[in-house]
Amino acid sequence: MVEVSVSILSVQQENAIRTFYNLEEAKVNYFHIDVMDGKFVEQDTSSIMREYTEYLKQITNVPLDVHLMVEDVEAYIQSYSAMEPNSITFHLESAKNREDVLKWIHLIRDFGIKVGISIKPNTKVEEIIPYLPYINVCLVMSVEPGYGGQTFQEEAISKIEELKEYRDREQLDFLIEVDGGIDEETVSLVKKAGCDIVVAGTYILQAKDKKEAVAILKKE
Ligand code: DX5
Ligand code: ZN
């Protein structure tokens, strides 16, 4: 059964408290925190995501799945480590070189937090292969990072299949997570391809019955 990580990017501030409560009631497995710095991507969500994360830390035990879409990865790892998230995921494309990637992996691991690396739609799986033995989650973007509500890009499916094949062949144990445009249709495509965790924002947040929407995504 896949796990569901709900993106809180589009949660409206005026009813955030109620929404977080409903999402926990809906049995999401993680809160997906979309941290954007206005440089790596156009939007800057850093302060609102910080506010939401501080609030979530106080009111729920649902684990936090932090997705950094930022240039200064090290600074955001430092600041989000204090929130004791379940995982911190950075973008491979944020790194200037291999040393950056290894440094960030070790920094997150030294905090005892699970390490994720995300790849954009145009980044090939072969570019992340060297790091797969050292990470806990590979986040495959099925949309260009930067906004919620975009259309699922089918090219993500073959990347999930490729990662699963490689993982099974090399007997590695990283999880495959997919992020962007996930709804009741696209979720069956990515499940079949072998993903372990799906991120969904719009599909869940717009659902009248959030519990049912989460159950539909989890359904075997
Ligand atoms: C996009 C974010 C995604 C997005 C998912 O940059 O990383 O997590 O918010 O939202 P939906 O499910 O609406 O595509
Ligand atoms: Zn995300």
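Keep in mind it's a predicted model, so treat the numbers as computed, not measured. As the structure lists them, so they are numbered: ligands from 1, and atoms in each ligand from 1.
- Ligand 1 places these atoms under 4.0 Å from at least one heavy atom of Val199: 8 (O).
- Close approach of ligand 1 to Met141 is summarised as follows: ligand atoms under 4.0 Å from at least one heavy atom of the residue are 7 (O).
- No donor-acceptor distance shorter than 3.5 angstrom exists from the side chain of Asn29 to the backbone of Ser5, with no hydrogens or angles considered.
- The Zn ion (ligand 2) forms the vertex of an angle spanning ND1 of His67 and OD2 of Asp179; to the nearest 10 degrees it equals 90°.
- Gln13 and Glu51 form a side-chain donor-acceptor contact under 3.5 Å, judged by distance and modelled atom types alone.
- Ligand 1 has a nitrogen or oxygen under 3.5 angstrom from a nitrogen or oxygen of His67.
- Residues Phe20 and Tyr52 bring their aromatic ring centres within 6.0 Å.
- Stacking of Arg109 on the aromatic ring of Tyr134 is not recorded, the 6.0 Å distance cut-off and the 45° axial limit not both being met.
- Heavy atoms of Ser7 found under 4.0 angstrom from ligand 1 belong exclusively to the side chain.
- Side-chain atoms of Thr123 and Glu93 include a donor-acceptor pair closer than 3.5 Å.
- Here is the list of ligand 1 atoms found below 4.0 Å of a heavy atom in His32: 8 (O).
- Of all the atoms in ligand 1, the ones that sit under 4.0 Å from a non-hydrogen atom of Met69 are 6 (O), 7 (O).
- The closest approach of His32 to the Zn ion (ligand 2), by N/O/S atoms, is made by NE2.
- In terms of modelled atom types and a separation under 3.5 Å, the side chain of Asn86 and the main chain of Leu64 share no donor-acceptor contact.
- Under a 3.5 Å cut-off, the side chain of Lys57 and the backbone N or O of Met83 do form a donor-acceptor pair.
- When atom types are taken as modelled, the side chain of Gln12 and the backbone of Ser10 share a donor-acceptor pair closer than 3.5 angstrom.
- In this structure, a donor-acceptor pair under 3.5 Å is absent between the side chains of Gln43 and Tyr147.
- Of all the atoms in ligand 1, the ones that sit under 4.0 Å from a non-hydrogen atom of Ala200 are 12 (O).
- Under 4.0 Å from ligand 1, the heavy atoms of Asp179 that appear belong solely to its side chain.
- A donor-acceptor pair under 3.5 Å is absent between the side-chain atoms of Ser87 and the main chain of Val137, judged by distance alone.
- Thr202 OG1, 2.5 Å is the protein heavy atom nearest to atom 13 (O) of ligand 1.
- Looking at Gly149 next to ligand 1, an N or O pair under 3.5 Å apart turns up.
- Annotation for ligand 1: atoms under 4.0 Å from non-hydrogen atoms of Gly180 are 14 (O).
- Heavy-atom contacts of Met36 reach the following atoms of ligand 1: 6 (O) (cutoff under 4.0 Å).
- For Asp34, the N, O or S atom closest to the Zn ion (ligand 2) goes by the atom name OD1.
- For atom 10 (O) of ligand 1, the closest non-hydrogen atom on the protein side is Gly148 CA, 3.7 Å.
- Taking every heavy atom of Leu9 and a limit of under 4.0 angstrom, the matching atoms of ligand 1 come to 9 (O).
- Checking Pro145, Gly146, Ser10, Gly201 against atom 12 (O) of ligand 1, the nearest heavy atom belongs to Gly201.
- The part of Tyr147 lying near ligand 1 is the backbone, judged by heavy-atom distances below 4.0 Å.
- Gly181 N, 2.8 Å is the protein heavy atom nearest to atom 14 (O) of ligand 1.
- The cationic group of Arg50 lies under 6.0 Å from the six-membered ring centre of Tyr80 and within 45° of the ring axis, placing it in a cation-pi geometry.
- The environment of CG in Asp173 is sparse: at most 12 heavy-atom neighbours from other residues, nucleotides or ligands sit within 6.0 Å.
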